[in-house]
Amino acid sequence: MKIRTHHAALVHFARLPATPICSFAEVRAGGSASSPTGLGAGSTQRDGAVNRAARFLQNTGRMGGEGRRGRRPSRGARTATICEPHRGARTATICQRTHFGLRLRRAEILAIAVFSVCLSASAAFDTKDWTWTRPISAAVAQSQFVRLPLPLDVLDTSQPSLADLRVLDQREDLVPYVVRWAGGHAISRVEWKSTGLLNPVFQPQQYSRVTVDLGDAVPRNRIKIVTDGANFRRRVTVEGSSDGASWDILLENGWLFDVPLPDKACRVDELSFPTSNFRHLRITVFNMPDDPRRIEITSVQTARWTETPETPLIPVAVKASSPQFDEKTHQNVYDLDLGYRNVPVATLEVTVSDRFYHRAYELEGRNAEKIQTQRRTETKWETEEREAPWTSIARGVLYRVQHEDKTAESNTIVGVRAAYRYLRLRVFEQDNPPLVIPSIAVKRWDVGVVFEYTPGESYSLIGGNAAAAAPSFDLAIAQRGLDRPDLPAATAGEPRFLEKAATPGPWSERYAVLLWAALILAVGTVLALILKNLGKLKGA
């Protein structure tokens with residue numbers, strides 16, 4: 001840890017004249033202090049420090065007066081005053097009886113030196129566990145908040161959550177900052193609200209319908225409709241009404257899907273519609289040719305998503321391999337390499353050449369192709385390399401369907417919040433011919449660090465600590481406008497790798513000579529004892 005001490009206070013008080021202690025304090029027999037010069041007790045922090053120093057020296061016997069061992073105060077003296085004696089004053093003067101003739105300057109400097117070192121010593125940020133540092137520059141004319149976009153190579157050498165990033169100033173002190181994710185639409189989801197189902201009716205082999213009373217006129221634009229059955233695709237309409245009598249169409253061509261998979265089905269049961277504040281909603285689910293006589297609508301939930309347009313998402317260069325078809329599981333596998341670890345993926349836009357389809361998919365990710373693991377053998381631990389496992393990111397359905405003359409489709413995987421280098425898209429074809437997918441485009445979030453930048457100061461960004469926890473600052477709560485897209489941009493320079501202290505090896509390796517010497521000495525001692533005992537046995 002680096003310690004810095006400010007000497008301004010010490011230099012100031014060192015230049016004070018050698019004023020006697022009596023001019024600042026009087027130590028009464030009862031233990032309280034007052035000032036004969038008119039300075040109230042505690043008038044300055046310095047006086048309090050001096051009084052404590054004087055009492056300490058008096059009580060330990062380094063000064064004369066009542067506290068000196070083996071000597072009693074003069075008869076009738078009520079006070080021990082640290083001052084020059086006055087005529088007629090019944091006092092015992094410490095100034096005349098002190099062993100060293102200690103004056104204010106010495107006691108004052110001693111007390112203030114200790115106090116000043118304790119208060120003014122500050123610790124710079126310890127970078128010993130961090131890997132790299134980058135200088136930060138910004139073209140601003142006055143102190144203001146700036147946004148430092150993080151390039152992919154910074155993301156590659158940081159934690160996926162960016163918890164190990166720190167901003168330091170030129171004194172290597174920690175600078176408060178916030179991490180901001182931008183791009184596409186910032187969606188703020190309101191908690192889903194369940195509603196009771198009213199007037200459930202149906203027409204056999206045609207449709208099932210329910211109405212819901214939301215109870216208030218709060219704007220909503222999202223609905224979740226759960227129906228019974230499996231392996232289906234069903235068309236949905238959503239209508240709104242303020243009085244429950246006249247209805248207007250909000251969503252005419254929505255679709256619900258359920259595609260079974262070996263372990264878990266992929267469902268699409270959430271639909272969006274234009275934001276409205278209708279109190280009543282009417283939901284109609286239409287039967288498809290392979291549906292049963294009646295469809296049961298089991299639950300309906302509503303919510304509002306607030307979408308704020310922000311900066312565009314950033315395209316990512318993708319190196320894609322040829323798709324591999326698994327005959328056993330009937331799935332097409334698309335492997336994508338984004339080039340850097342921890343890329344904050346936002347969306348995948350899948351281009352499909354087929355006309356109409358609906359296919360379940362699963363998106364997976366990982367940051368390395370191989371990982372090293374430790375395996376215990378009979379004699380030691382061995383390091384072996386094996387393939388890194390995949391982590392499931394999202395599941396859903398890619399579809400393009402048509403009803404009468406209207407087409408609905410969904411070929412973009414949205415809402416992805418995962419930080420990986422390698423992506424794998426599994427498309428479950430079932431008994432259908434494989435989809436023709438000529439391209440997959442990947443876009444990522446624009447992530448940056450926002451902090452206050454002062455011209456003339458120098459700043460740096462450090463990272464690369466796998467064990468670091470995220471810092472906690474009040475900046476995001478105390479300061480508004482940190483998510484504005486028009487903040488001045490800062491830039492990060494080339495990385496400089498921090499030197500690592502050499503890790504000491506095992507004790508047996510560092511002191512091998514000593515260990516062998518002790519072993520030889522022990523063996524020699526044992527042999528000497530054995531030979532000595534053998535000689536005694538021969539003599540016997």
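This chain uses plain numbering: 1 for the first residue, then up along the sequence.
Salt bridge K370/E385: absent, no basic N to carboxylate O contact under 4.0 Å. Ion pairing between K128 and E499 fails under the 4.0 Å rule for side-chain N and carboxylate O. Under the 4.0 Å criterion applied to side-chain N and carboxylate O atoms, K443 and E349 are assigned as salt-bridge partners. Using a cutoff of 4.0 Å between basic side-chain nitrogens and carboxylate oxygens, R484 and D486 are scored as salt-bridged. Checked for salt-bridge contact, E382 and R376 miss the test: no charged N lies under 4.0 Å from a carboxylate O. In this structure, E404 does not pair ionically with R235, as no charged nitrogen and carboxylate oxygen lie closer than 4.0 Å.
The two residues R134 and A492 come nearest to each other via the heavy atoms CD-CB, 4.3 Å. Closest approach of A138 to V146, counting heavy atoms only: CB-CG1, 4.2 Å. Contact detail for H403 and N253: the closest heavy-atom pair is CB-OD1, 4.0 Å. Counting all heavy atoms, side chain and backbone alike, V397 lies closest to C266 at CG2-O, 4.1 Å. I295 and S208 get closest at one heavy-atom pair: O-OG, 2.5 Å. Residues Y177 and P471 approach most closely at OH-CG, 3.4 Å, considering heavy atoms.
With contacts defined as side-chain heavy-atom distances shorter than 4.5 Å, the pair R386/I371 qualifies. Residues D153 and Y340 form a side-chain contact, since some pair of their non-hydrogen atoms from C-beta on lies under 4.5 Å apart. Side chains of N342 and R421 form no contact here, defined as non-hydrogen atoms less than 4.5 Å apart. Q402 has its side chain within reach of T407: a pair of non-hydrogen atoms, C-beta onward, lies under 4.5 Å apart. Proximity of Y459 to T454: side-chain heavy atoms (C-beta onward) are separated by under 4.5 Å at one or more points. In this structure the side chain of V436 never reaches within 4.5 angstrom of the side chain of V352, judged on heavy atoms. Counting heavy atoms from C-beta on, the side chains of L423 and V343 never come closer than 4.5 Å. S276 has its side chain within reach of L250: a pair of non-hydrogen atoms, C-beta onward, lies under 4.5 Å apart.
Side-chain contact annotation: Y357 with N411, donor-acceptor N/O pair under 3.5 Å present. With 3.5 Å as the limit, one finds no donor-acceptor pair spanning the side chains of S158 and D156. No side-chain donor-acceptor contact under 3.5 Å links T347 and T412. Residues T383 and Q374 bring a donor and an acceptor atom of their side chains to less than 3.5 Å of each other. In the model, R220 has a side-chain atom that pairs as donor or acceptor with a side-chain atom of T302 under 3.5 Å. Defined by atom type and a distance below 3.5 Å, a donor-acceptor pair is missing between the side-chain atoms of S246 and S241. For the 3.5 Å distance criterion, the side chains of Q331 and R426 qualify, holding a donor opposite an acceptor.
No donor-acceptor pair closer than 3.5 Å links the side chain of E296 to the backbone N or O of T227. Looking only at distances, a side-chain donor or acceptor of D258 sits under 3.5 Å from a matching main-chain atom of N231. A distance-only check finds a donor-acceptor pair linking the side chain of Q159 to the backbone of N465 [under 3.5 Å]. No donor-acceptor distance shorter than 3.5 angstrom exists from the side chain of R171 to the backbone of L168, with no hydrogens or angles considered.
Here the CZ-CD distance, from R375 to E384, works out to 5.0 Å after rounding to the nearest 0.5 Å. Between the NZ atom in K224 and the CZ atom in R267 there is a gap of 11.5 Å [rounded to 0.5 Å]. Atoms OG1 and CG, on T275 and N221 in that order, are 3.5 Å from each other to the nearest 0.5 Å. Atom-to-atom distance recorded for L487:CG and R147:CZ is 8.0 Å, nearest 0.5 angstrom. Distance check, rounded to the nearest 0.5 Å: CD of Q301 to CG of D269 gives 9.0 Å. Going from atom CG of D164 over to atom CG of D129 covers 11.5 Å, rounded to the nearest 0.5 Å.
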How far apart are the C-alpha atoms of R395 and E364, what are their side-chain angles, what is the distance that settles it, and do they pass the salt bridge (Lys or Arg N to Asp or Glu O under 4.0 Å) test? CA-CA 9 Å; R395 288 187 173 192; E364 301 172 318; over 6 Å; no

Apply side chain to side chain donor-acceptor pair (under 3.5 Å) to the pair S143 and E452, showing each step before the final yes or no. CA-CA 7 Å; S143 295; E452 188 172 12; 5.2 Å; no

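Take Y399 and apply the ring pair (Phe, Tyr, Trp, His ring centres under 6.0 Å) test, not counting sequence neighbours, and it matches F257. Not a single ring pair (Phe, Tyr, Trp, His ring centres under 6.0 Å) links F497 to another residue, sequence neighbours left out.
Within 6.0 Å of CG on D474 lie no more than 12 heavy atoms contributed by other residues, nucleotides or ligands.
Geometrically, R180 does not engage W445 in a cation-pi contact, judged by NZ or CZ lying under 6.0 Å from the ring centre and within 45° of the ring axis.
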Extract all donor-acceptor atom pairs below 3.5 Å that involve side chains of residues 278-292 and protein atoms in other chains or at least two apart in sequence.
from, atom 1, to, atom 2, distance (Å)
R279, NE, D213, OD1, 2.8
R279, NH2, D213, OD2, 3.3
R282, NE, E239, OE1, 2.9
R282, NH2, E239, OE1, 3.2
R282, NH2, E239, OE2, 3.2
T284, OG1, R209, NE, 2.9
N287, OD1, Y207, N, 3.1
N287, ND2, P292, O, 2.9
D291, OD1, R234, NE, 3.1
D291, OD1, R234, NH2, 3.1
D291, OD2, R234, NE, 3.2
D291, OD2, M288, N, 2.9

